[in-house]
There are 2 protein chains.
Amino acid sequence: MHNVEQQHIMLALRENRLFRLIAPTHHGALANVAQRRVIPDKTTIVRKGETGDEMFALVRGRVVMTSLSPEGKELTLGYLGAGDIFGEIAMLDGGPRTANVTAIEPCEVLAFRRNAFLQFLRECPDVAINFLTLLASRLRNTDQTLEDTSLRQLPCRLARRLINLASDFGHATMGGVKIPIRLSQQDIGSMTGATRESVNRQLREWEGRGVIALEQGYITIVDHARLSSLAE
Amino acid sequence: MHNVEQQHIMLALRENRLFRLIAPTHHGALANVAQRRVIPDKTTIVRKGETGDEMFALVRGRVVMTSLSPEGKELTLGYLGAGDIFGEIAMLDGGPRTANVTAIEPCEVLAFRRNAFLQFLRECPDVAINFLTLLASRLRNTDQTLEDTSLRQLPCRLARRLINLASDFGHATMGGVKIPIRLSQQDIGSMTGATRESVNRQLREWEGRGVIALEQGYITIVDHARLSSLAE
DNA sequence: GTTGCGCTGTGATGTATCTCACAGGGGGTT
DNA sequence: AACCCCCTGTGAGATACATCACAGCGCAAC
């Protein structure tokens with residue numbers, strides 16, 4: 001392996017939520033089992049139902065995880081950014097991929113193959129424990145989302161989503177907290193399990209009440225307190 | 001610690017899905033950090049929202065995981081039996097418990113506390129890897145359930161649930177595959193995110209068509225092929 | 001420019017479920 | 001037995017959404 005390439009990988013490892021906490025001593029070993037790849041925008045990296053023993057660490061860019069129902073309705077499971085991990089379920093349990101993952105920006109990833117990565121974990125149990133913690137948080141999130149979609153109705157779900165997006169990616173402006181991802185109402189619908197029409201009506205109503213502001217495809221949360229109370 | 005007690009714990013470890021694969025050499029170390037507890041029927045072991053750094057391995061009996069909406073609607077996340085693990089999310093990430101876990105039979109559990117257990121994992125990375133695989137499968141399941149509840153409607157969801165229950169717990173009889181758990185229609189509703197009335201109507205319809213049979217609170221799947229096709 | 005396409009906005013209508021209401025029924029307990 | 005409690009079974013609304021239908025609008029491609 002080229003030394004330059006390996007340097008590049010080690011730099012990327014330092015930014016990753018799973019690896020940044022471990023002693024740089026181990027980065028070398030890890031860099032040896034990682035493969036770096038550049039992914040063009042709009043490329044699907046893993047496809048639901050396929051088999052694959054690779055796990056990916058997102059170094060640069062953003063991806064979206066989706067699932068498609070037999071009737072063609074799309075469900076968005078979430079967005080990931082630099083430092084995140086994906087593809088870990090199939091890598092770990094050997095089953096088929098559970099979702100599609102598609103680049104929504106030009107991306108750069110590190111790929112780890114099952115055997116090599118598990119071997120690394122055996123040598124660095126602290127990383128394994130970090131990984132466990134990461135999966136636990138993922139589980140916490142999906143459990144919460146599951147609860148929301150079965151127990152709450154649209155306005156509440158939508159409010160929660162917006163708050164989540166804002167706390168994950170949002171940054172403060174004079175007008176409030178702006179969500180810096182361009183989301184069509186279609187996209188929001190597929191995140192909340194609703195149609196774009198329903199999303200449209202709800203967003204407009206909130207805009208009318210001054211809870212949020214809509215401009216050029218971006219959403220800004222104006223009255224965070226009110227939105228929180230709508231989220232219960 | 002009493003030697004008898006420790007023997008008892010080591011016996012229980014051999015039956016656990018997370019620990020049975022590891023060399024018995026390590027069972028001693030693990031038994032040292034485990035605490036055995038007997039839980040009476042209908043006792044709530046962990047409560048949603050509380051903090052707690054313990055994880056539990058179910059040795060004997062069955063428990064149900066539930067969550068309650070602010071308006072009082074209950075959602076059942078699943079049933080666990082001997083050999084299963086629960087409480088791992090809060091143990092790992094230190095956050096509040098994500099669900100209630102209640103005994104539906106007299107139970108016996110092993111409790112592991114965070115620090116001691118993580119220390120054990122550091123010494124037995126193979127267990128950590130098993131654990132990762134287990135969490136991955138859990139994620140796979142909840143992702144699937146999430147997809148079902150957002151994308152499919154009741155008949156399909158219900159069919160899937162029945163098939164799952166049958167494959168997890170069911171055993172064959174002359175009449176078909178019987179689910180040996182006593183479930184009220186209320187319970188089934190809270191598993192599928194529906195009201196008991198809707199469940200009732202659907203089950204009755206299927207009974208009329210000869211797809212399932214209902215007797216004394218137990219469900220038997222008569223025409224498995226038909227039910228599968230209803231599940232898409 | 002004009003064409004086309006994907007997004008927004010909004011009414012009219014349809015429908016899968018929930019809610020409410022009530023009538024049994026079975027199995028404990030007194 | 002009589003009582004109670006929890007479960008089942010079913011009808012008649014109410015309702016949160018989806019679906020359909022169509023008009024406008026911004027913007028990239030031609």
Side-chain angles (χ1 to χ4, degrees), chain A residues 41-42 64 69-76 102 104 148-162 179 181-209 212-220 230-232, chain B residues 41-42 64 69-76 102 104 148-162 179 181-209 212-220 230-232:
Chain A
D41 192 12
K42 299 185 184 20
V64 59
S69 84
E71 310 92 55
K73 279 198 286 193
E74 198 176 59
L75 177 68
T76 298
T102 307
I104 56 172
D148 286 357
T149 58
S150 347
L151 257 30
R152 322 282 193 140
Q153 44 205 39
L154 179 57
C156 177
R157 258 150 50 209
L158 189 51
R160 280 161 174 263
R161 256 296 161 218
L162 294 181
I179 297 169
I181 306 179
R182 184 121 214 220
L183 294 168
S184 73
Q185 295 176 352
Q186 187 66 256
D187 295 334
I188 299 173
S190 101
M191 274 198 272
T192 49
T195 58
R196 70 148 197 98
E197 290 93 329
S198 300
V199 171
N200 179 294
R201 285 182 250 260
Q202 188 59 63
L203 290 180
R204 303 247 91 219
E205 197 206 306
W206 285 341
E207 190 188 27
R209 293 161 174 275
I212 60 172
L214 306 169
E215 17 147 26
Q216 294 147 183
Y218 294 95
I219 299 177
T220 303
L230 286 162
E232 230 100 322
Chain B
D41 192 12
K42 298 187 184 22
V64 59
S69 85
E71 310 93 55
K73 279 197 287 192
E74 197 176 59
L75 177 66
T76 297
T102 307
I104 55 172
D148 286 357
T149 59
S150 342
L151 258 29
R152 322 282 193 139
Q153 44 205 41
L154 178 58
C156 177
R157 259 149 49 210
L158 189 51
R160 281 162 173 262
R161 256 295 161 219
L162 294 182
I179 298 170
I181 307 179
R182 183 122 215 221
L183 295 167
S184 73
Q185 295 175 352
Q186 187 67 256
D187 295 334
I188 299 173
S190 100
M191 275 200 269
T192 48
T195 57
R196 71 148 197 98
E197 290 93 330
S198 301
V199 171
N200 180 294
R201 286 183 248 259
Q202 189 58 63
L203 289 181
R204 304 245 90 220
E205 197 206 306
W206 284 341
E207 190 188 26
R209 293 162 173 275
I212 60 173
L214 305 169
E215 17 146 26
Q216 294 147 184
Y218 294 96
I219 299 176
T220 302
L230 286 162
E232 231 101 322

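Labels below follow one simple rule: chain letters A, B, ... track the order of the sequence lines, proteins then strands, and each chain is numbered from 1.
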Between [N] ([atom2]) and [X] ([atom1]): distance, integer Å:
X	N	atom1	atom2	answer
A/Arg157	D/dA16	CZ	P	13 Å
B/Leu214	D/dC7	CG	C1'	13 Å
A/Leu158	D/dA16	CG	P	16 Å
A/Gln153	C/dC18	CD	P	11 Å

Look at the side-chain N and O atoms of [X] and state whether any lies under 4.0 Å from the OP1 or OP2 oxygen of [N].
X	N	result
B/Thr195	C/dC18	yes
B/Gln185	D/dC7	no
A/Ser198	D/dC17	no

Original post:
When all nucleic acid strands are considered with a 4.0 Å heavy-atom cut-off, which category describes A/Gly193: base, sugar-phosphate, or nothing?
Top reply: sugar-phosphate
Original post:
What is the nucleic acid contact for B/Ser184, judged by heavy atoms within less than 4.0 Å: base, sugar-phosphate only, or nothing?
Top reply: sugar-phosphate
**OP:** Measure from the side-chain heavy atoms of A/Pro155 and tell me the nearest of D/dC17, D/dT19, D/dC7.
**Re:** D/dC17
Heavy-atom pair with the smallest gap, counting every atom of [X] and [Y]:
X	Y	result
B/Asp187	B/Arg182	OD2-O, 4.3 Å
B/Gly189	B/Val199	CA-CG2, 3.5 Å
A/Arg152	B/Pro70	NH1-CG, 3.4 Å

Check the interface with nucleotides 10-13 of chain D: list each N/O to N/O pair with the protein under 3.5 Å, or write none.
| from | atom 1 | to | atom 2 | distance (Å) |
| --- | --- | --- | --- | --- |
| D/dG11 | N7 | B/Arg201 | NH1 | 3.0 |
| D/dG11 | O6 | B/Arg201 | NH2 | 3.4 |

Subject >> NZ/NE/NH1/NH2 to OD/OE distance under 4.0 Å, A/Arg209 and A/Glu205 >> reply: yes
**OP:** For residues B/Leu158 and B/Leu203, determine if any side-chain heavy atom of one lies less than 4.5 Å from a side-chain heavy atom of the other.
**Re:** yes
Original post:
Side chains of B/Trp206 and B/Leu162: closer than 4.5 Å at any heavy-atom pair?
Top reply: yes
Original post:
For the helix from C/dG1-D/dC30 to C/dT30-D/dA1, what is the angle between the axes at its two ends, each from 5 pairs, rounded to 10°?
Top reply: 30°
Subject >> Residues which pass side chain to side chain contact (heavy atoms under 4.5 Å, CB included) with A/Thr195, listed by chain and number, not counting sequence neighbours >> reply: A/Glu197, A/Ser198
